[in-house]
Amino acid sequence: SDGGRRTAELLAKHVDGRFRDAKAGSSAVPVTKGALAGDANETFQSEVLALFRHNQSKDVFEAFFKRDLAKRLLTGRSVSYDMERSFLSKLKAECGTAYTSKMEGMFKDMEMSRDIMSSYAAYASGATNAASTSDKVVDMEVQVLTTGYWPVYPKYPNIILPSELLLQRERFESYYNEKYQGRRIAWQYSLGHCIVKASFPKEKAPKELNVNVCQTLVLLCFQYEDGPDGRGLKLDDIMKKTGIDDRGELERVLQSLSLGRDGTRVLKKIDAPVANASDSPKKKQKIRRNIGEHDRFLFNSSFTNNQRRIRITNITMKETVKERAKTHEAVSSDRLYLIDAAVVRIMKARKTLDHRALMGEVMTQLKFPASSSDIKKRIETLIEREYMERIEGDRSKYKYLA
């Protein structure tokens, strides 16, 4: 009914689960040390490809697999680069170079970034010695990505970085512009992560918080005080201080820092009074999970955690709602262009062709399931755009217009 779209999506998710987590799939394929582990992975890949071959929506699999691969590479969550590359080579053998070119480009970017960072390390150490006036040292690692290979990520153009990060950014930009003239850098802050050192009154030693860039900027709002009056900061105050203008994202950041699991609540949320709260005065009011515009946030002075380094993961949007729909929309949009290209290619070779023959040839050339109504619509748009026309006296025949 859906041409195998859902199956392709679930297959890509299954592969992501295995490649992202070493323990996944161990019940189905027992994984042991050495050669047997390699055999288990080979068996897993062969089984996936057996299903993949029979699926008609290979473009849907590509879209979801590519997005998940990008996430694994950028967050360092991939089980094994060798395993990833092995599977990629199998997809290439199955579908051709064009199918895997962008994914191979991602691996090239990761390798290139490692080379750039080793070269930049020497450059930065010289620059630091020359200008050793600041006692605050921030180590920064940059991944340089080619725009066409990677998915589109949210941008925060008005983000306000602290001076320490601004200095590092300017230093890297001057190095990069000097080495690669003519290239333009666009910073993707939504993908960045930081290690923030934080001291808490109830802890003897400082803690290291592993957080993303948006979480870092929110934490820095509470570096010296809990707002001008000491009563905390509201959502709008934090938005102005950080420059994060995506309200939904900022709410998720505040939830992760104040309402996460025990041992991660470095901020304290004070709910704004609710009009009907007096209905049950004896009953203790629960802290609301959502963020209201009048809720206040303070530094959690009673925070404790036995670990030295604490990872605070941001609350992500449910993929099932927006991201899935966007991915499917992108695939549908690409399919329209592929239908157009097939029709034009056939008409250019044949010059004139009747409707039934054209439909049959287009169906044969397309590598995904397309309905006859979809192809008819694309033929109409190509006639409107004057790529082809109907022959006078015989409306069932088409003529290619050079």
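Using a 4.0 Å cut-off between charged nitrogen and carboxylate oxygen, Glu84 and Lys66 do not count as a salt-bridge pair. The pair Arg53-Glu94 counts as a salt bridge, with a side-chain nitrogen and a carboxylate oxygen less than 4.0 angstrom apart. The pair Lys376-Asp374 fails the salt-bridge criterion, with no side-chain N (NZ, NE, NH1 or NH2) lying under 4.0 Å from an Asp/Glu carboxylate O. Under the 4.0 Å criterion applied to side-chain N and carboxylate O atoms, Lys269 and Asp295 are assigned as salt-bridge partners. A salt bridge is absent between Asp237 and Lys240; no separation between the charged side-chain nitrogens and carboxylate oxygens falls under 4.0 Å. The pair Arg385-Asp340 meets the salt-bridge criterion, with a side-chain N (NZ, NE, NH1 or NH2) lying under 4.0 Å from an Asp/Glu carboxylate O. Using a cutoff of 4.0 Å between basic side-chain nitrogens and carboxylate oxygens, Glu329 and Lys326 are not scored as salt-bridged. Between Lys108 and Glu111, no side-chain nitrogen of the basic residue sits less than 4.0 Å from a carboxylate oxygen of the acidic one, so the salt-bridge criterion is not met. The pair Glu62-Lys102 does not count as a salt bridge, with every side-chain nitrogen at least 4.0 angstrom from each carboxylate oxygen. Asp226 and Arg231 are not joined by a salt bridge, as no carboxylate oxygen comes within less than 4.0 angstrom of a charged side-chain nitrogen. Between Lys399 and Glu392 no salt bridge is recorded (no basic side-chain N to carboxylate O distance below 4.0 Å). In summary, Glu203 and Lys207 engage in a salt bridge, as defined by a charged side-chain N under 4.0 Å from a carboxylate O. Using a cutoff of 4.0 Å between basic side-chain nitrogens and carboxylate oxygens, Arg247 and Asp236 are scored as salt-bridged.
Using a 3.5 Å distance cut-off with no hydrogens or angles, the side chains of Gln188 and Lys155 do not pair a donor with an acceptor. Under 3.5 Å, the side chains of Arg67 and Thr327 contain a donor-acceptor pair of N or O atoms. Inspection of the Ser174 and Tyr123 side chains reveals an N or O donor paired with an N or O acceptor under 3.5 Å. Arg5 and Ser332 share a donor-acceptor pair across their side chains, judged by distance under 3.5 Å alone. Under the 3.5 Å distance criterion, with hydrogens and angles disregarded, a donor-acceptor pair is assigned to the side chains of Ser396 and Asp394. Lys202 and Ser301 form no side-chain donor-acceptor contact under 3.5 Å, judged by distance and modelled atom types alone. A side-chain donor-acceptor contact under 3.5 Å links Ser57 and Arg335. No hydrogens or angles considered: a donor-acceptor pair under 3.5 Å links the side chains of Arg183 and Tyr176.
Checking Asn55, Val331, Leu11 one by one against Val60, the side-chain contact (heavy atoms from CB on, under 4.5 Å) holds for a single residue, Val331. Applying the side-chain contact (heavy atoms from CB on, under 4.5 Å) test between Tyr398 and each of Met347, Glu389, Arg350, Lys351 identifies Met347 as the sole match.
Not a single donor-acceptor pair under 3.5 Å links the side chain of Ser258 to the backbone N or O of Lys268. Listed for the Asn305 side chain is a donor-acceptor partner under 3.5 Å among the backbone atoms of Gly263. Arg265 places a side-chain N or O within donor-acceptor distance of the main-chain N or O of Gly260, the cut-off being under 3.5 Å. No donor-acceptor pair under 3.5 Å is formed between the side chain of Ser86 and the backbone N or O of Asp82. Proximity of a side-chain donor or acceptor of Thr242 to a complementary backbone N or O of Ile238 within less than 3.5 Å is detected. Using a distance-only test at 3.5 Å, with no hydrogens or angles considered, a donor-acceptor pair links the side chain of Tyr99 to the main chain of Lys58.
For Phe52 and Phe61, the distance between ring centers is under 6.0 angstrom. Annotation: Tyr189 is not in aromatic contact with Tyr156 [ring centroid separation under 6.0 Å not met]. Taking the ring centroids of His328 and Phe64, they lie under the 6.0 Å cut-off. Annotation: Phe299 is in aromatic contact with Phe200 [ring centroid separation under 6.0 Å]. Residues Phe87 and Phe65 place their aromatic rings such that the two centres sit under 6.0 Å apart.
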Is there a side chain to side chain contact (heavy atoms under 4.5 Å, CB included) between Thr264 and Arg261? Walk through the geometry before answering. CA-CA 6 Å; Thr264 64; Arg261 68 178 194 277; 4.0 Å; yes

Apply side chain to side chain contact (heavy atoms under 4.5 Å, CB included) to the pair Ile379 and Met388, showing each step before the final yes or no. CA-CA 8 Å; Ile379 290 171; Met388 54 198 278; 3.9 Å; yes

Working for side chain to side chain contact (heavy atoms under 4.5 Å, CB included), residues Thr97 and Lys92: CA-CA 6 Å; Thr97 312; Lys92 188 177 180 178; 3.9 Å; yes

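Annotation: the span from Asp109 atom CG to Leu73 atom CG amounts to 10.0 Å, rounded to 0.5 Å. In this structure, CZ in Arg85 is found 12.5 Å from CE in Met103, a value given to the nearest 0.5 Å. Atom OG of Ser101 sits about 7.5 Å away from atom OH of Tyr149, to the nearest 0.5 Å. Considering CG of Leu166 and CD of Glu164, their distance stands at 9.0 Å, rounded to 0.5 Å. Interatomic distance, CG of Leu233 versus CG of Leu267, reported as 9.5 Å (0.5 Å rounding).
Side-chain atoms of Arg77 and Lys71, non-hydrogen and from C-beta on, never get closer than 4.5 Å to each other. Looking at Tyr400 and Ile346, their side chains never come closer than 4.5 Å, going by heavy atoms from C-beta outward. Side chains of Ile312 and Asn212 form no contact here, defined as non-hydrogen atoms less than 4.5 Å apart. For the pair Ile195/Arg309, a side-chain contact is recorded, criterion being any heavy-atom separation below 4.5 Å from C-beta on.
In this structure, Arg72 is not positioned above the aromatic face of Phe19 in the sense of NZ or CZ being under 6.0 Å from the six-membered ring centre and within 45° of the axis.
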